[in-house]
Amino acid sequence: MNPYQSLAEKYRIQNYQDLKGQEKAISEVKTFLQEFPRRKALLLYGPAGTGKTSLALAAAKENDLEVLELNSSDLRNRAKLEEVLKPAALQHSLFKKGKILLVDEVDGVTGTDIGGIAELIRIIETTKYPIIITGNDIWQTKLAPLRPKCKLVEMKPLPQAHINDLLNSIALKENMRKDFSFLNKIAIKSQGDMRAALNDLQSYTAGENILVDTSELRDVEETIFIILKRIFKERSDFLNLFDSTKMSLDEILLWIEENAPKEYKNIALAKAFEALGNADLFRGRIYRHQSWRFLVYQNIFQSAGVSYAKSSAVQGFTRYEPPKRILKIWLNNQKIEKKKTIAKKYARLVHCSTQRAMRDFALLKPIIQNINVQRQLRLSDDEIEYMRV
Amino acid sequence: MATASDIWTEKYRPTSFAEVVGQQEIIKRTRSLVQALNIPHLMFAGPAGTGKSTLALIIVKELFGSSWRDNYLELNASDERGIDVVRQKVKDFARTKAMENVPFKVIFLDEADALTREAQQALRRTMENFTNTCRFILSCNYSSSIIDPIQSRCVVLRFKLLEKKDINVVVKRIAEKENLVLSDDVYEILYEASEGDCRRAINLLQATASISLNINGEMINIIAATSKPAGIRIVLDYALAGDFINAREKLIEVMLKDSVAGVDIIKAMQKEIWHLPVEPEVKVKLTEKTGEIEFRMIEGSDEFVQLQALLASFVLAGQGKAV
């Protein structure tokens, strides 16, 4: 065995059975593969080190499928995606063995590679093989068009007990002298990230077989979940709270807005939303007047403002959820696409705005159902069909 | 003459000054301007369905006769993607001179109040640049939402909501042509439901007539109810019962399903406040809060965030607490 292989690689799980704590995700993947091609692609998302790539690889192994792996960090442009993915998706495997296309770290496709996501969507539409995509932060806007094309499966941070067990068994296999409390420390620090835990384990042993305790903490980017937890559970001014994340203030605002009613009730909720309303007010002013100085106000309202909405700190665990309404709006826009094109044709004819026609649509519906009107508006067959329902 | 439309708002749209119902003062003024073959920039301010687009069309038809289509550009500010698109279209249109003995073309910019102040500044420059070849007719709901420099370059004409007798004339005219049998209460109810908006009155009439040519007031009411943003009361009932999450869920559903703008939601909420089972003092407080939120929306804030803040206040009101 390669002595330079990292522990994380060496102990990458090989089959479903080894992947502890992700039973739900596993069963979703199983269904996905069984039902293919009902859904063409599956998007595994969750924090780092929860086993997304491992699960994909295990799925391939369990079903005796060949894996064509694409790390979009490497394939950063459309030309390359096209060159590598297309032939694979369109041609059958040499040995008639089935394939899985694995697009790892899809959030690595950056904004400058315009077309990368669009290309991926096209591939999803034409593929003959199941596609598994992994990503950490899939709620970014650039991935919005991708999400509805995929079955979304969440992978949660691993429970600490699982990480503990694994570290112990690996320490045993590697002949490390055991030190339970230290292994436990690593497990806690990992915050559910198995890979981080293994890397820590490796770095502290540094070739020797003795675990060396160091109290330095792993410098993780604070995830949005931690930020939310601090805002909602603690009472503090948090002036630098958002410095530790790459997420934009606007995006954080969406997360707070989504989860506030889970944490706060009544007066606290009203105060929190008043603060959010103020944050939003300043955001609007920033955009309209390009006064970036106002960022400081938005920042304070949506951190300290929300935190101080309650009268005392609170305990307990809350399951935070990603903001849903942007997705809802997007899905709705897809759904009402026909309605919009009809409204547009109608609006042009009767000298009003498309928006007004959209708003009055319920009233206009019986009028537009008239066959002569449909002819005059030159509605397409699809649109006529839409008016029928 | 093209074949008449089966959409009644088009079929019965007045095509000459004489046919217009209501707004007589405005008609008189524009008629004399048109007769002099020279109109200034105009601004039509007034609620929807009071005849702004109709009058613009009449003006160009009177000015250009059968070739009006070549000399008339209609834009809708709320549909165009940004002021740059508007400017480009104006530029393309204004490049050639008018062919007739009228020395200018006419550009009708509907819903000009949808433009931001910055966009209006840009529009003002455009108006100046093409003032030799073009006349602008801007339409808006409130002239106050149009910047002063533009207002001062226009003759501002204020359109009023149509009165009951005006709407009645229109309804009667259509009923005769379409062989409708109207019961006596139809006029009153149609006027109430239209709120002085002639387009809405005609649409209501046609939507009802698509079911039966024998129409009574109750049928109008039913049709009118289905076309109002429904569900606002349900949203508020959830909120008053302390269930914020369901109130929010329902709110998003209402807004998305019928493409209702936040401002329309808040107007409906404001009307609903007085029917809610809370103390009068609380109603006043809620109204104050509602007004503030409506103002913020007009200023360009995110409507969902602001409406949620309002919902949280309704939750408090439901518990009899100060808002």
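All heavy atoms count here, side chains included; hydrogens, waters and symmetry mates do not. So that the names make sense, note that chain A is the first sequence line, chain B the second, and so on, each numbered from 1. Note that the coordinates shown come from a computational prediction; the quantities given were computed from them, not determined experimentally.
- Side-chain atoms of A:His351 and B:Leu57, non-hydrogen and from C-beta on, do get closer than 4.5 Å to each other.
- Side chains of A:Asn278 and B:Arg296: a donor on one and an acceptor on the other come within 3.5 Å.
- Using a 4.5 Å cut-off between heavy atoms, A:Lys265 makes no contact with chain B at all.
- No side-chain donor-acceptor contact under 3.5 Å links A:Gln369 and B:Ser210.
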- Query: Do B:Gln308 and A:Leu276 pass the side chain to side chain contact (heavy atoms under 4.5 Å, CB included) test, and can you show the C-alpha distance, the side-chain angles, and the key distance before you say yes or no?
  - Reply: CA-CA 9 Å; B:Gln308 285 178 68; A:Leu276 285 179; over 6 Å; no

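- With a 4.5 Å cut-off on non-hydrogen atoms, A:Asn266 touches chain B through its backbone and its side chain both.
- With values rounded to the nearest 0.5 angstrom, B:Ser313 atom OG is found 9.5 Å from A:Leu269 atom CG.
- The distance from atom CG of A:Asn333 to atom CG of B:Leu256, rounded to the nearest 0.5 Å, is 8.0 Å.
- B:Gly49 and A:Arg356 make their closest contact through N-NH1, 4.2 Å (heavy atoms, listed as atom of the first residue, atom of the second, distance).
- Taking a 6.0 Å sphere around NZ of A:Lys339, one finds it holds more than 12 heavy atoms contributed by other residues, nucleotides or ligands.
- Looking at B:Gln306, its side chain does come within 3.5 Å of a backbone N or O of A:Gly277 through a donor-acceptor pair.
- One finds the NZ atom of A:Lys365 at 12.0 Å from the CD1 atom of B:Ile223 (value rounded to the nearest 0.5 Å).
- There is no side-chain donor-acceptor pair under 3.5 Å between B:Asp79 and A:Gln355.
- Within the model, atoms CD1 of A:Ile367 and CD1 of B:Ile7 stand 7.5 Å from one another, a figure rounded to the nearest 0.5 Å.
- Taking B:Phe304, B:Trp8, B:Phe108 one by one and counting their heavy-atom pairs under 4.5 Å with chain A, the maximum is reached by B:Phe304.
- Only the side chain of B:Asp110 comes within less than 4.5 Å of a heavy atom of chain A; its backbone N, CA, C and O stay farther away.
- Only the side chain of A:Leu364 comes within less than 4.5 Å of a heavy atom in chain B; its backbone stays farther off.
- Annotation for A:Arg359 and B:Val260: closest pair CG-CA, 4.5 Å, computed over non-hydrogen atoms.
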- Message: Could you walk me through whether A:Arg348 and B:Asn76 satisfy the side chain to side chain contact (heavy atoms under 4.5 Å, CB included) test, starting with their C-alpha distance in whole Å, then the side-chain angles of each, then the deciding distance to 0.1 Å, before giving a yes or no?
- Response: CA-CA 10 Å; A:Arg348 200 175 308 150; B:Asn76 194 300; over 6 Å; no

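- For the residue pair A:Gln376 and B:Asp6, no side-chain donor N or O sits within less than 3.5 Å of a side-chain acceptor on the partner.
- At a 4.5 Å heavy-atom cutoff, A:Leu254 makes no contact with chain B through either its backbone or its side chain.
- The OG atom of B:Ser301 sits 12.5 Å away from the OH atom of A:Tyr287 when rounded to the nearest 0.5 Å.
- Heavy-atom pairs under 4.5 Å with chain B were tallied for A:Lys344, A:Glu258, A:Arg283; the largest tally goes to A:Glu258.
- For B:Ser53, the part lying under 4.5 angstrom from a heavy atom of chain A is the side chain only.
- At a threshold of 4.5 Å between non-hydrogen side-chain atoms, the residues B:Lys257 and A:Ile336 do not count as touching.
- No other option in A:Ser353, A:Gly284, A:Pro366 has as many heavy-atom pairs under 4.5 Å with chain B as A:Ser353.
- Nearest heavy atoms, A:Val350 versus B:Thr9: CG1-OG1, 4.1 Å.
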- Could you go through the side chain to side chain contact (heavy atoms under 4.5 Å, CB included) check for A:Lys328 and B:Met255 one step at a time? CA-CA 11 Å; A:Lys328 267 189 196 154; B:Met255 292 182 69; over 6 Å; no

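- Per-residue heavy-atom pair counts under 4.5 Å with chain A were compared for B:Ile211, B:Val305, B:Leu310, B:Val315, and the maximum is reached by B:Val305.
- Using a 4.0 Å cut-off between charged nitrogen and carboxylate oxygen, A:Lys324 and B:Glu249 do not count as a salt-bridge pair.
- Taking CD1 of A:Ile329 as the start and CD1 of B:Ile252 as the end, the distance is 7.0 Å to the nearest 0.5 Å.
- Put simply, of A:Ala347, A:Cys352, A:Ala272, the one with the most heavy-atom pairs under 4.5 Å next to chain B is A:Cys352.
- For A:Gln374, no part lies near chain B; criterion is any non-hydrogen pair under 4.5 Å.
- For A:Asn372, the parts lying near chain B are the backbone and the side chain together; criterion is any non-hydrogen pair under 4.5 Å.
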